[in-house]
**Q** 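Just passing along the structure, written as structure tokens.
Just so you know, residue 1 is the first one in the sequence shown, and it goes up from there. Values reported hereafter were calculated over all heavy atoms of this structure, with side chains retained and with hydrogens, waters and symmetry mates removed.
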Amino acid sequence: IKRSETTTTKKTTVCGRFHQSLTLLTSILSNSSRHYVRCIKPNDVAKSYTFDANKVLLQLKSNGIMETIRIRKAGYSSHITFDSFYHRFKFLGINSSQREDI
């Protein structure tokens with residue numbers, strides 16, 4: 001009995017489609033500017049105009065918001081240009097030629 005020669009066509013599997021989708025998503029995210037939205041849940045009963053201060057404070061602490069506020073109040077902005085950074089901290093011995101290393 002002679003076997004007939006068949007061409008093998010590669011079928012896309014669920015795993016393959018997931019991998020392609022994940023690769024595309026990763027590419028889109030790496031080429032975009034990120035903005036984070038943090039949702040704070042005001043209460044556990046989903047009731048409007050009800051505000052549980054302890055719950056909100058716990059969420060703010062858990063998300064790092066309180067720490068970010070503390071750092072910014074201390075005068076450390078998270079978005080400064082290299083030139084501003086250099087002029088502020090050049091006393092640490094940073095050369096302006098080391099721009100790519102920082």
**Q** State the OG1-NE2 distance between T12 and H19, to the nearest 0.5 angstrom.
**A** 12.0 Å
**Q** To the nearest 0.5 Å, what is the distance between CG on L22 and OG on S27?
**A** 11.0 Å
**Q** If you count every heavy atom of other residues, nucleotides or ligands that lies below 6.0 Å from F91 atom CZ, does the total exceed 12?
**A** yes
**Q** Which value, rounded to the nearest 0.5 Å, describes the distance between F51 atom CZ and I40 atom CD1?
**A**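 F51 CZ to I40 CD1: 9.5 Å, rounded to 0.5 Å.
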**Q** Please report, to 0.1 Å, the donor-acceptor pairs under 3.5 Å made by any side chain of residues 55-66, with sequence neighbours excluded.
**A**
| unit_1 | atom_1 | unit_2 | atom_2 | d |
| --- | --- | --- | --- | --- |
| K55 | NZ | D44 | OD1 | 2.9 |
| Q59 | OE1 | K41 | N | 2.9 |
| Q59 | NE2 | K41 | O | 2.6 |
| Q59 | NE2 | K55 | O | 3.3 |
| S62 | OG | L58 | O | 2.9 |
| N63 | ND2 | Q59 | O | 3.2 |

**Q** List the atom of L29, the atom of S32, and the distance in Å for their closest heavy-atom pair.
**A** O-OG, 3.1 Å
**Q** Kindly compute the distance separating CG (N31) from OG1 (T26), expressed to the nearest 0.5 Å.
**A** 10.5 Å
